[in-house]
A.B. asks: 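Attaching a single structure in structure tokens format; questions to follow.
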Amino acid sequence: MAIQVNRSVIGKEYPAYVVTVERGKIKEFARAIGDLNQHYLDDEVGRASPWGDVIAPPTFPTTLRDERADAETLLRDLGVDFSRVLHGEQEFEVHRPIRPGETFTCRTRIVDIHEKAGRSGPMAFVRRETSIVDRAGDLVGTMRHTTVVRL
């Protein structure tokens, strides 16, 4: 029996959520990914930099999550269970560095779902985008996620 993905969610935008970036989280993330760039870790280097503070690594936005809109919400909307899901890819478009203490509004929407045959059978590729906007309304970055569903 073939599994179907609910394609009616294309274009769905999830409720916006607000996050404030913590200094310790930037440093923790940089260490976790093994990037010991002192612009991410050393407050003195950060203060002396053009940004006036430490900055987050370009992939840091992956930590900007809304606990209310977890993976279960997405899977429920798609009509699939977790056992059929794989992380496909993720990309980051960064417009300016992220600094500690900044507050952002993030909005995620499903932009596309397409199907393709793979070696193990048919798959659906669910493409989401999350925009990250600062308090001035400027776009700071965009995350693009692809979730693969085995059909």
Side-chain angles (χ1 to χ4, degrees), residues 1-35 37 39-41 50-51 53-151:
M1 179 176 168
I3 302 294
Q4 296 289 314
V5 172
N6 177 11
R7 296 180 57 81
S8 72
V9 297
I10 295 173
K12 178 176 182 171
E13 187 171 299
Y14 290 88
Y17 57 98
V18 176
V19 292
T20 300
V21 176
E22 298 174 23
R23 179 177 307 278
K25 291 296 182 185
I26 290 174
K27 295 176 181 185
E28 181 181 291
F29 183 80
R31 286 186 190 100
I33 64 171
D35 192 335
N37 182 323
H39 286 101
Y40 308 149
L41 298 169
W51 307 288
D53 206 342
V54 294
I55 58 172
T59 57
F60 180 80
T62 196
T63 69
L64 306 179
R65 297 176 186 237
D66 180 11
E67 299 305 319
R68 296 168 298 152
D70 59 8
E72 287 180 30
T73 303
L74 173 66
L75 298 179
R76 190 171 37 256
D77 288 349
L78 294 172
V80 299
D81 68 77
F82 188 75
S83 69
R84 307 198 74 76
V85 174
L86 301 167
H87 175 75
E89 69 178 10
Q90 198 163 6
E91 70 181 64
F92 302 86
E93 182 179 338
V94 179
H95 299 287
R96 71 158 178 82
I98 291 174
R99 294 179 301 253
E102 291 187 295
T103 299
F104 301 105
T105 300
C106 302
R107 288 183 174 81
T108 299
R109 67 185 178 91
I110 298 176
V111 295
D112 186 40
I113 299 174
H114 67 276
E115 294 181 13
K116 187 168 139 179
R119 282 185 286 193
S120 63
M123 300 177 288
F125 293 80
V126 181
R127 185 90 163 146
R128 293 174 288 146
E129 284 187 358
T130 302
S131 61
I132 304 161
V133 177
D134 64 17
R135 287 188 174 183
D138 295 327
L139 182 64
V140 173
T142 305
M143 290 185 291
R144 294 180 183 89
H145 325 257
T146 300
T147 301
V148 180
V149 180
R150 293 177 295 124
L151 302 176

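FYI, the numbering just counts along the sequence from 1.
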A.B. asks: Could you check whether any side-chain heavy atom of L75 comes within less than 4.5 Å of a side-chain heavy atom of R84, counting everything from C-beta outward?
C.D. replies: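 L75 vs R84: side chains apart.
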
A.B. asks: Checking D112 now: which residues fulfil salt bridge (charged side-chain N to carboxylate O under 4.0 Å, His left out) with it, not counting sequence neighbours?
C.D. replies: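 Partners of D112 by the salt bridge (charged side-chain N to carboxylate O under 4.0 Å, His left out) criterion come out as none, since no residue qualifies.
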
A.B. asks: Got a second to check how far T108's OG1 is from D66's CG, nearest 0.5 Å?
C.D. replies: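 So the gap between those two atoms works out to 8.0 Å.
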
A.B. asks: Could you pull out all residues at least two apart from R31 that satisfy side chain to side chain donor-acceptor pair (under 3.5 Å)?
C.D. replies: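 Not a single residue meets the side chain to side chain donor-acceptor pair (under 3.5 Å) criterion with R31.
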
A.B. asks: Output the distance between atom CZ (R109) and atom OG (S131), rounded to the nearest 0.5 Å.
C.D. replies: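 Interatomic distance, R109 CZ to S131 OG, rounded to 0.5 Å: 8.5 Å.
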
A.B. asks: Verify side chain to side chain contact (heavy atoms under 4.5 Å, CB included) between T73 and R76, making sure each step is shown before the conclusion.
C.D. replies: CA-CA 5 Å; T73 303; R76 190 171 37 256; 3.6 Å; yes

A.B. asks: Would you list the atom pairs, donor with acceptor, under 3.5 Å between side chains in residues 9-16 and any protein atom, with sequence neighbours excluded?
C.D. replies:
{"from": "K12", "atom 1": "NZ", "to": "D77", "atom 2": "OD2", "distance (Å)": "2.9"}
{"from": "Y14", "atom 1": "OH", "to": "D77", "atom 2": "OD2", "distance (Å)": "2.6"}

A.B. asks: Side-chain donor-acceptor pairs under 3.5 Å in residues 140-147, sequence neighbours left out?
C.D. replies:
{"from": "R144", "atom 1": "NE", "to": "E129", "atom 2": "OE2", "distance (Å)": "3.1"}
{"from": "R144", "atom 1": "NH1", "to": "E91", "atom 2": "OE2", "distance (Å)": "3.4"}
{"from": "R144", "atom 1": "NH1", "to": "E93", "atom 2": "OE1", "distance (Å)": "3.1"}
{"from": "R144", "atom 1": "NH2", "to": "E93", "atom 2": "OE1", "distance (Å)": "2.7"}
{"from": "H145", "atom 1": "ND1", "to": "Q90", "atom 2": "NE2", "distance (Å)": "3.3"}
{"from": "H145", "atom 1": "NE2", "to": "T130", "atom 2": "OG1", "distance (Å)": "3.2"}
{"from": "T146", "atom 1": "OG1", "to": "R127", "atom 2": "NH1", "distance (Å)": "3.0"}
{"from": "T147", "atom 1": "OG1", "to": "R128", "atom 2": "NH2", "distance (Å)": "3.2"}

A.B. asks: Run the salt bridge (Lys or Arg N to Asp or Glu O under 4.0 Å) check on D138 and R96 step by step: do they pass?
C.D. replies: CA-CA 10 Å; D138 295 327; R96 71 158 178 82; over 6 Å; no

A.B. asks: What is the distance from atom OG1 of T63 to atom CD of E28, rounded to the nearest 0.5 Å?
C.D. replies: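 Result: 9.0 Å between the selected atoms.
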
A.B. asks: Who are the side-chain contact (heavy atoms from CB on, under 4.5 Å) partners of P58, not counting sequence neighbours?
C.D. replies: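 Expected list: Y40, V94.
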
A.B. asks: Under the rule for ring pair (Phe, Tyr, Trp, His ring centres under 6.0 Å), what residues qualify as partners of F92, not counting sequence neighbours?
C.D. replies: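 F92 satisfies ring pair (Phe, Tyr, Trp, His ring centres under 6.0 Å) with no residue once adjacent residues are dropped.
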
A.B. asks: How are the rings of H114 and F125 set to each other: parallel, tilted or perpendicular (split at 30° and 60°)?
C.D. replies: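 The arrangement is parallel - the two ring planes meet at less than 30°.
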
A.B. asks: Would you say the side chain of L64 lies within less than 4.5 Å of the side chain of V21, judging by non-hydrogen atoms?
C.D. replies: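 Sidechains of L64 and V21: in contact.
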
A.B. asks: Which atoms form the tightest heavy-atom contact between M123 and G118, and what is the distance?
C.D. replies: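 For M123 versus G118, the nearest heavy atoms are CE-CA, 3.6 Å.
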
A.B. asks: So, using side chain to side chain donor-acceptor pair (under 3.5 Å) as the criterion, who are the partners of S8 when residues are at least two apart?
C.D. replies: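 Only N6 meet the side chain to side chain donor-acceptor pair (under 3.5 Å) criterion with S8.
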
A.B. asks: With a 4.5 Å heavy-atom cut-off, do P57 and I98 have their side chains touching?
C.D. replies: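 When only atoms from C-beta onward are counted, I98 and P57 do not touch, as no gap falls below 4.5 Å.
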
A.B. asks: What residues, two or more places apart in sequence or in another chain, satisfy ring pair (Phe, Tyr, Trp, His ring centres under 6.0 Å) together with Y17?
C.D. replies: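 Y17 satisfies ring pair (Phe, Tyr, Trp, His ring centres under 6.0 Å) with no other residue.
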
A.B. asks: At their closest point, which heavy atom of I26 faces which heavy atom of A56, and how far apart are they?
C.D. replies: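 Answer, listing the atom of I26 first, then A56: CG2-CA, 3.7 Å.
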
A.B. asks: Can you list every ring-ring contact (aromatic ring centres under 6.0 Å, His included) pair that touches residues 58-83, not counting sequence neighbours?
C.D. replies: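 Non-adjacent pairs meeting ring-ring contact (aromatic ring centres under 6.0 Å, His included): F29-F60.
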
A.B. asks: Under the criterion side chain to side chain contact (heavy atoms under 4.5 Å, CB included), I'd like the reasoning laid out for L74 against V85: C-alpha separation, chi angles, the key distance, then a yes or no.
C.D. replies: CA-CA 11 Å; L74 173 66; V85 174; over 6 Å; no

A.B. asks: Search all heavy atoms of T20 against all heavy atoms of G101 and return the closest pair with its distance.
C.D. replies: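 Closest pair (atom of T20, atom of G101, distance): CG2-O, 3.9 Å.
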
A.B. asks: So, using side chain to side chain donor-acceptor pair (under 3.5 Å) as the criterion, who are the partners of T59 when residues are at least two apart?
C.D. replies: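 By the side chain to side chain donor-acceptor pair (under 3.5 Å) rule, T59 matches no residue at all.
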
A.B. asks: If you look at every heavy atom in C106 and I132, which pair is closest and at what distance?
C.D. replies: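 Heavy atoms only, the tightest pair is SG-CG1, 4.2 Å.
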
A.B. asks: Run the side chain to side chain donor-acceptor pair (under 3.5 Å) test against R135 and tell me which residues pass, sequence neighbours left out.
C.D. replies: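 Counting only residues at least two positions away or on another chain, R135 forms a side chain to side chain donor-acceptor pair (under 3.5 Å) with T103.
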
A.B. asks: Can you list the residues that meet the ring pair (Phe, Tyr, Trp, His ring centres under 6.0 Å) rule with H95, with sequence neighbours excluded?
C.D. replies: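 Expected list: none.
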
A.B. asks: Does K25, at its NZ atom, have more than 12 non-hydrogen atoms belonging to other residues, nucleotides or ligands within less than 6.0 Å?
C.D. replies: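 Not more than 12 within 6.0 Å, no.
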
